[in-house]
Amino acid sequence: MPVTLTSLDDVKFTVDKEVAERSILIKNMIEDVGESDSPIPLPNVSSAVLKKVIEYCEHHRNDPVQVQDETDDPRKRSNDIEEWDMKFMTVDQEMLFEIILAANYLDIKPLLDVGCKTVANIIKGKTPEEIRKVFNIVNDFTPEEEAQIKKENEWAEDR
Amino acid sequence: MDVPEIRTQIGLYLDTSELNACAKVCRSWYDTFFPLIWADFEWQSDYSVYPQSKALEQNARHIRYLRLTDHDRPAHFLDLCANLRDLVLMFAVHEHAQWDQISQLVHRNKKLFSINISTGGLTPTTGFIQAVAQNESIKQIEITFSEYDRSAVTALLDAGARLETLSVIGAAFEDPGSMTRWQVSGGGFPRLKSLQMCARAGITARHQFELIQQCPQLDSLTWSEDSWTESGQSFPTTEFCQMLTHNCPNLAVFELQIQSLTDKDLSRILDSARRVTSFQVFDTQFGPAAFQSLFRHFRYVTKLDLRRCPEVTSAMSQQILESCPGLIEFFAGYLKVQDMKPEQEWVCTGLTSISLFICGLRDQPPEKQEAVLRQLAKLERIESLTVGTFDPRDENSRDGLDLRLSVGLSILEPVKELRWICFDGLAQEMDETDLTWMVETWPKLCRLEGKVHTERERRLELQEILIDKGVALVGYMDDEEEEDEDIDLDAATNTD
């Protein structure tokens with residue numbers, strides 16, 4: 001059963017219902033609307049990003065649905081990304097964040113997790129300056145503030 | 001792109017020092033990551049740097065997961081923690097006042113979900129146990145090596161109605177047998193899904209069994225032997241099987257460390273369980289009858305531990321590997337190469353952990369080993385691979401796998417998730433190229449167990465490669481000469 005999704009820039013994508021429903025948002029929309037051929041508008045997602053998201057959902061269409069696990073370890077692992085997912089996530093930074101935002105909006109938890117783990121892996125081992133460089137962030141602290149923070153958080157350096 | 005919600009999500013995968021780096025990036029990142037630095041907090045006496053007490057007081061409210069491994073001095077910040085989700089107590093208690101402060105802590109934290117108590121010294125006070133029992137948000141309790149009197153047990157039973165997980169490990173109970181009320185108030189443990197019952201003393205097997213029977217939602221049971229030996233009773237197989245059918249139909253995960261369990265007992269248990277997904281019964285008499293009963297569960301089973309069960313044969317291991325598609329962890333004794341069938345591949349390609357002495361390779365042509373390695377190479381998710389033998393008679397066995405490039409090691413190139421490999425008990429004659437290959441081909445490799453070479457001098461030379469790359473090399477110190485060595489094998493384990 002096919003479903004049509006319309007992106008921000010009015011591009012239409014037709015996918016199997018099963019694939020589309022990896023997004024809980026879309027799944028709920030379909031349930032609310034019932035049997036209908038009208039396309040589902042996704043004004044928050046551009047076609048380039050939607051294409052990637054659909055690719056992910058197609059590949060993972062048969063994965064078991066994740067259950068919210070309350071007993072999750074507070075420090076989750078980020079080194080268990082599957083090889084296909086790793087290749088999938090090898091995109092430029094802007095696309096990486098767009099995918100994460102889309103996964104968040106569309107409520108596709110596994111994709112959100114993989115995206116966040118990927119960014120976490122980029123952050124690991126970097127100094128604040130290196131992180132700023134990678135993400136193009138401006139340092140808006142005053143030198144006094146920086147010194148204060150450094151002192152405040154010294155205890156957290158080696159934990 | 002910089003959305004606080006996303007940043008928080010990313011923060012879940014970062015450790016404290018990484019969160020610290022993120023908090024220093026810019027103001028908006030500071031706002032997101034600073035509280036997360038505090039979310040997971042451990043108070044331990046051998047840290048070289050502590051937060052300043054003012055910082056502690058200001059930020060105690062951010063702490064969600066608190067681990068106290070030291071409680072020597074009254075720590076004022078504890079009085080300011082009010083948002084805890086998880087509490088782990090692992091310290092020696094010297095004064096009742098410490099228990100009082102902890103009781104207040106439990107009382108105050110209304111969102112507390114789990115509590116893990118592994119304290120030494122003074123036993124938990126009644127006040128503390130009651131605080132735990134009365135905190136309605138606590139769903140998971142783990143108790144290790146503590147002692148409990150009757151009022152404590154009563155209080156715990158009162159909490160029973162809410163609990164989802166209960167672990168009792170090495171705890172001792174003061175004569176609950178004399179309690180007239182053993183039934184849990186309000187009818188059992190209606191929400192308990194996971195129970196670990198490994199008490200050290202004081203609670204008879206009979207009483208433990210009565211507890212288990214009151215858990216209709218139970219899906220996981222760990223039950224150990226100590227208390228059985230003490231009472232001198234034998235396992236109540238008939239009643240246990242009836243319980244499986246009538247009281248606990250969801251019980252699917254079994255860890256039974258009870259040596260007196262016979263093959264017949266295990267067979268009956270497997271027949272009575274509706275669906276078994278995990279069966280860990282090492283050190284039991286698991287044998288042909290139990291194996292027959294296991295057939296029905298083959299398609300559901302994800303974890304099997306049949307180590308040190310003398311009746312488990314090589315043919316059984318092979319059959320398990322070719323019949324259990326969902327198997328993720330498999331531990332058994334041995335698998336003879338002659339029992340492996342080239343036309344019958346292992347279906348359990350999702351295996352992440354396997355321990356099996358693959359043997360029968362002594363003096364065999366190289367094709368035999370190559371066939372084994374090709375089979376292992378198909379386990380693309382494997383993280384932990386143990387192919388050595390733990391039989392003390394096999395110190396330098398040449399009957400197992402020979403892990404060298406010259407005899408086919410490169411066939412194992414696809415197992416990119418491999419972290420641990422253990423070949424203890426096997427004679428090896430690896431050289432620099434073999435170890436370099438391993439380190440370069442398996443990016444996640446962090447630990448080798450076993451002797452990389454039969455000669456000590458060569459071992460010392462070769463382990464340099466591993467130390468260099470931060471791979472731990474663990475030897476089981478059965479070589480007397482090694483005790484004289486100055487080389488600290490532990491040094492290798494610290495280069496993680």
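The analysis underlying the following values was restricted to heavy atoms, covering all of them including side chains, and did not include hydrogens, waters or symmetry mates. Chain A is the first sequence line, chain B the second, and so forth, proteins listed ahead of strands; every chain is numbered from 1.
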Considering all heavy atoms of both residues, which atom of [X] and which atom of [Y] are nearest to each other, and what is their separation?
X: B:Arg27; Y: A:Thr142; value: NH2-CG2, 4.3 Å
X: B:Ala21; Y: A:Pro128; value: O-CG, 3.5 Å
X: B:Tyr13; Y: A:Ala120; value: CB-CB, 3.6 Å

Pick one of side chain, backbone, both or neither for [X], based on which atoms fall under 4.5 Å of a heavy atom in chain B.
X: A:Asn139; result: both
X: A:Lys126; result: backbone
X: A:Leu112; result: side chain
X: A:Ile123; result: side chain

Do [X] and [Y] have side-chain heavy atoms sitting under 4.5 Å apart?
X: A:Glu82; Y: B:Arg381; answer: yes
X: A:Asp113; Y: B:Gln9; answer: yes
X: B:Trp29; Y: A:Ile131; answer: yes

Within 6.0 angstrom of [X] [atom1], more than 12 heavy atoms from elsewhere:
X: A:Glu31; atom1: CD; answer: yes
X: B:Arg162; atom1: CZ; answer: yes
X: A:Glu130; atom1: CD; answer: yes
X: B:Lys378; atom1: NZ; answer: yes
X: B:Lys111; atom1: NZ; answer: no

Original post:
With a 4.5 angstrom heavy-atom cut-off, which part of B:Arg64 approaches chain A: side chain, backbone, both or neither?
Top reply: neither
Original post:
Quick one: what part of B:Glu380 sits under 4.5 Å from any heavy atom of chain A, side chain, backbone, both or neither?
Top reply: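 Contact with chain A involves no heavy atom of B:Glu380 at all.
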Original post:
Rounded to the nearest 0.5 Å, how far does CD of B:Glu5 lie from CD1 of A:Ile100?
Top reply: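 So the CD1 of A:Ile100 and the CD of B:Glu5 are separated by 12.0 Å.
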Subject >> Contact leader toward chain B among A:Glu145, A:Lys151, A:Glu98, where contacts are heavy-atom pairs under 4.5 Å >> reply: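 If we count pairs closer than 4.5 Å to chain B, A:Glu145 comes out on top.
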**OP:** Check the pair B:Lys24, A:Glu146 against side-chain contact (heavy atoms from CB on, under 4.5 Å), reporting the backbone distance first and the verdict last.
**Re:** CA-CA 7 Å; B:Lys24 293 184 189 159; A:Glu146 271 190 309; over 6 Å; no
